[in-house]
Amino acid sequence: MMESKQFFIHNIHDFVGQTVIVKGWVYNLRSSGSLIFLQLRDGTGFVQTTVIKSEVPKTVFDKAKKITLETSVIIRGIIRADKRSPSGFELTVKDLIIVSLSEDYPIGKKEHGPDFLLTHRHLWLRSRKQWAIQRIRNVIIYSIYSHLEKEGFIKIDAPILTPNACEGTTTLFPVPYLPAWKDPTKPPSMRVSLPDGEIKKEEPYAFLSQSGQLYIEAAIFSHGKVFDFGPTFRAEKSKTRRHLTEFWMMDAEMAFSEHKDNMKAQEKLIIAVVQQVLDKCAKELEIIGRDVKPLEKILKGGFPVITHKEAIEIVRKEGIAIGKRDDFGAESETILSNKFDKPLFIEKYPKEVKAFYMKEDPDDTSRVLNDDLIAPEGYGEIIGGSQREDSYERLLQRMKELNYSIADYEWYLDLRKYGSVPHSGYGIGLERLVAWICKLDHLRESIPFPRMMERFNP
Ligand code: 4AD
Ligand code: MG
């Protein structure tokens, strides 16, 4: 067995006619008396292998008969080009070793509901479609890194345990900060000021990060262009297909950059990512049945920009009851998203529906210089970005209006005291991006182990 060389399925075309070894799992099988077809997955791809009774010793055929779904095997055989097979190749088995027999694999050929599949997420990840989605997610991650490196950004790791909110207090995840627990000498900045009853104020809590933005803002004064990329947490109390409680975000931040530059940077990133996926994931996109035409359409750029005011008019015409200064709900986002065949920038939202750090629009100080980027095909928001308030006085004033505990944000205000500059940035939700590019119905399939309001296992 061992004298043949091991190959990986994604390189199968290089091994036609050779006798090779492949190690993997049987994800499907059928037999017709003298033939046994074992569909094999080795991590890099999928191939059909055939055991022909008349061509192998009886012991080998008997072993093949014992194989069940998801049994792990080592197979030796010859690779043949075969036009009838979907992959174009087939492997004729000469010998095989059962590494471990799998008993009663719970995910079968019949349809399973989402709840069953999520309970078995550790196994569901093996299925072809889930395999393809994770491969695409991986390419998206690497394409974000490589694009940003090309654009001159460096990665700055923001902390996960943080003392204050970046995106409003309603979705904060508090965790007892154990090193300081019950230590009366710990400073007041570790004492949480959430509404009474939710958390005892006298005990030290940290929060899981909602976004690394505030920290990477500090880093632009050292490096100019920076990004972070890590897990973020929001105690979302809504059960929608667009919300997770733990998700991955890339925040980018740029010194000497204004609102329009910021949108341009976002457009470039999206084009670079989609281009990479189209270049590298043809097979995966085919497995998930993704029509690539809508993706190809966005490569030319020229993403439309409309104001919040204009967007409100559009959704009102579609019969949505929405106030002039409201934020958009899921339904409105879907309408706006379907109106355009490219990602859509919506800019200049009313101050009161956006975060404290956004810069006022000088043309209308009741609004801010922000943008939400809405993905097409009904997907809704994938990026939130803005120019940041760079005036110490105006930022302090805004935080006071919103009743922020100024002591907790002293360090952030410092950034406006020592060489403040116009600066901008954005955050992109990885799972929202994956869901759109793969055209998934729900964010839960875009991440290996989704955490949602009603589920955080396995
Ligand atoms: O729009 P958001 O809240 O913006 C920020 O957090 C800024 N601090 C980013 C920045 O300017 N650096 O979140 C950014 C993106 C959203 O557009 C969305 O794609 C994603 O993060 N996101 C979520 N994804 C999954 N589940 C959730 N609950 C999400 N909340 C936000
Ligand atoms: Mg947002």
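Read the numbers this way: they start at 1 and go in the same order the structure lists the ligands and their atoms.
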Student: Please classify the Leu443 to ligand 1 contact at 4.0 Å (heavy-atom distances, strictly less than): side chain, backbone, both or neither.
Tutor: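 Just the side chain.
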Student: Looking only at protein heavy atoms, identify the closest one to atom 18 (C) of ligand 1 and say how far it is in Å.
Tutor: Arg432 NH1, 3.4 Å
Student: Hydrogens and angles aside, do Arg325 and Ser366 bring a side-chain donor and acceptor to less than 3.5 Å of each other?
Tutor: yes
Student: Looking at atom 19 (O) of ligand 1, what's its closest protein heavy atom, distance included?
Tutor: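 I find the closest protein heavy atom is Ile382 O, 2.8 Å.
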Student: Pairing donors with acceptors under 3.5 angstrom, does anything connect the side chains of Gln266 and Asp371?
Tutor: yes
Student: Does the cation-pi check pass for Lys354 over Tyr349, that is, NZ or CZ under 6.0 Å from the six-membered ring centre and within 45° of its axis?
Tutor: yes
Student: At under 4.0 Å between heavy atoms, which part of Arg234 makes contact with ligand 1: side chain, backbone, both or neither?
Tutor: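 Arg234 to ligand 1: side-chain contact only, backbone stays beyond 4.0 Å.
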Student: Could you tell me whether Ser386 and ligand 1 have an N or O pair separated by under 3.5 Å?
Tutor: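 It does not: no N or O of Ser386 is found under 3.5 Å from an N or O of ligand 1.
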Student: Under 3.5 Å, is there a donor on one side chain and an acceptor on the other for Gln130 and Glu445?
Tutor: yes
Student: Please indicate how many protein N/O/S atoms are found closer than 2.8 Å to the Mg ion (ligand 2), with waters neither displayed nor included.
Tutor: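 Considering protein N, O and S only, the Mg ion (ligand 2) has 1 within range.
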Student: Report, in ascending order of atom number, the atoms of ligand 1 lying under 4.0 Å from any heavy atom of Tyr357.
Tutor: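 Per the distance check, 7 (C), 8 (N).
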Student: Please write down residue, atom name and distance for the protein heavy atom closest to atom 12 (N) of ligand 1.
Tutor: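 It is Asp251 OD1, 2.7 Å.
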Student: Do Glu217 and His423 have a side chain donor and acceptor closer than 3.5 Å?
Tutor: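 Yes, His423 and Glu217 have a side-chain donor paired with an acceptor closer than 3.5 Å.
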Student: For ligand 1, does Ala252 get within less than 4.0 Å through its side chain, its backbone, both, or neither, judged by non-hydrogen atoms?
Tutor: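 Ala252 to ligand 1: no contact under 4.0 Å from either part.
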Student: Taking atom types as modelled and ignoring hydrogens, do the side chains of Ser211 and Asp251 form a donor-acceptor contact shorter than 3.5 angstrom?
Tutor: yes
Student: Counting only N and O atoms by type, is there a donor-acceptor contact under 3.5 Å from the side chain of Thr44 to the main-chain atoms of His10?
Tutor: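 At least one qualifying donor-acceptor pair exists.
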Student: Between Thr334 and Arg242, is any side-chain donor less than 3.5 angstrom from a side-chain acceptor?
Tutor: yes
Student: Heavy atom to atom 21 (O) of ligand 1, shortest distance: which of Trp436, Phe233, Phe247 holds it?
Tutor: Phe247
Student: Just checking, is any N or O donor in the side chain of Gln387 or Tyr357 under 3.5 Å from an acceptor N or O on the other one?
Tutor: no
Student: Distance only, no hydrogens: is a donor on one side chain within 3.5 Å (strictly under) of an acceptor on the other, for Gln397 and Glu393?
Tutor: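 Glu393 and Gln397 do not have a side-chain donor-acceptor pair below 3.5 Å.
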Student: Quick test of your reading: applying side-chain hydrogen bond (donor to acceptor under 3.5 Å, both in side chains), list the pairs with at least one residue in residues 141-161, sequence neighbours left out, ordered by first then second residue.
Tutor: Glu151-Lys268, Lys155-Asp157
Student: Taking the six-membered ring of Tyr412 as reference, does the NZ or CZ atom of Arg416 fall below 6.0 Å from its centre and within a 45° cone about the axis?
Tutor: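 Output yes; distance and angle both within limits.
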Student: Counting heavy atoms only, which part of Arg388 comes closer than 4.0 Å to ligand 1: side chain, backbone, both or neither?
Tutor: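 Just the side chain.
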Student: Nearest to atom 17 (O) of ligand 1, what protein heavy atom do you find, and at what distance?
Tutor: Glu381 OE2, 2.5 Å
Student: Record the part of Met249 in heavy-atom contact with ligand 1 below 4.0 Å; permitted values are side chain, backbone, both and neither.
Tutor: side chain
Student: Please work out which of Arg242, Glu167, Met358 has its closest non-hydrogen atom nearest to atom 5 (C) of ligand 1.
Tutor: Glu167
